[in-house]
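So you know, we letter chains A, B, ... as the sequences are listed, proteins then strands, and number each from 1.
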Amino acid sequence: MPLTTQQRSQVWGALMRAAAEDPVPGTITKADLRAAVDACDDWIDANAASFNAALPQPFRGQANLNQKILLLAFVLERRRRAIGGSP
Amino acid sequence: MATVYRTLPIEAAIFRATQFPELNKRNGTGISAPFPIRSLAFDAASVERAYWVFRPTALGGTNVFTVEIDWFAESATSGSVVWGVQGYASTPNVDDVDLESRNLGVQSSTTTAHPGGTGQRHIRSTITGLDAGSAVNNDVVFIGLERIASNPSDTMTGDAVVFCVTISYSDT
């Protein structure tokens with residue numbers, strides 16, 4: 001289920017406040033960033049089934065949605081740090 | 001004829017209960033002699049406001065003000081910021097009104113584009129012709145400054161960090 005418009009707006013605002021993490025290229029406008037947030041959320045919906053199918057059993061069958069999202073988030077966060085993102 | 005300049009101290013900004021900029025201090029990261037910067041960080045996603053009160057001494061009959069906002073971008077190197085100011089001039093012992101229930105006057109605004117180059121470069125936005133309601137010499141003037149983040153022309157990502165606000169007016 002995609003984020004609501006308000007939730008997407010919250011993500012958009014939070015990204016711009018997280019200056020220490022340098023999350024936004026300086027040349028990007030607010031509209032550009034919002035379009036990226038929307039596209040990211042849409043992409044997750046479009047690819048959720050593919051992600052689930054890639055998970056091996058027994059994890060796929062026994063983990064709930066929250067646990068699967070956490071798995072993805074942890075791996076993505078570790079990847080972010082591996083390329084030099086601030087902790 | 002002369003122009004009178006009055007700097008409104010950043011640390012003297014007043015806020016309402018909600019929608020206010022973050023008051024902070026940048027410690028400075030220079031190598032040999034860094035210096036701190038007191039600032040108000042205006043959000044890009046929601047409208048935030050700061051207020052000041054001052055007494056315009058030697059105010060001439062023109063009775064409009066110019067407001068200069070000195071700021072830098074937190075992270076952006078492009079886009080624009082829309083600033084708005086409103087004022088209310090109160091004449092002591094003359095105005096027989098409830099001061100606490102007053103509203104600021106018509107908002108004047110300006111849009112300033114980040115010129116590119118260094119992200120945190122010094123930018124000055126100027127708003128001229130602010131009418132605080134026919135202010136006269138030695139009134140007390142209440143000023144409200146906001147980043148109109150909801151304006152479609154406000155396109156800059158990240159905070160706009162204000163470190164100096166100056167009001168000026170003619171003494172004639």
| field | From A:Thr27, A:Leu15, A:Val24, residue fulfilling side chain to side chain contact (heavy atoms under 4.5 Å, CB included) relative to B:Thr157 | value | A:Val24
| task | Please say whether more than 12 non-hydrogen atoms of neighbouring residues, nucleotides or ligands are located less than 6.0 Å from CD in A:Gln6. | result | no
| field | Proximal component of B:Ala41, with respect to chain A [non-hydrogen, under 4.5 Å] | value | neither
| message | Working to the nearest 0.5 angstrom, can you tell me the gap between A:Ile28 CD1 and B:Thr77 OG1? | response | 9.0 Å
| task | Spell out, yes or no, whether B:Phe142 and B:Val106 are grouped together once hydrophobic residues are joined by side-chain heavy atoms under 4.5 Å, including indirect joins. | result | no
| task | First locate atom CE of A:Met16, then atom OG of B:Ser46, and finally report the distance between them rounded to the nearest 0.5 Å. | result | 8.5 Å
| request: Consider only side-chain heavy atoms of I, L, V, M, F, W and Y, link residues closer than 4.5 Å, and tell whether B:Ile148 and B:Met156 are in one cluster. | output: no
| Roughly how far apart are B:Ser75 OG and A:Arg17 CZ, rounded to 0.5 Å? | 12.5 Å
| said: Taking atom CZ as the centre, does A:Arg60 end up with more than 12 heavy-atom neighbours from other residues, nucleotides or ligands that are less than 6.0 angstrom away? | reply: yes
| Whether over 12 other heavy atoms sit under 6.0 Å from A:Arg80 CZ | yes
| note | Here the pair of heavy atoms bringing A:Trp12 nearest to B:Ala44 is CH2-O, 4.3 Å
| said: If hydrophobic clusters are built from ILVMFWY residues whose side chains come within less than 4.5 Å, do B:Ile14 and B:Tyr88 share one? | reply: yes
| query | Do you know which two heavy atoms are closest between B:Ala45 and A:Gly13, and how far apart they sit? | reply | CB-CA, 3.7 Å
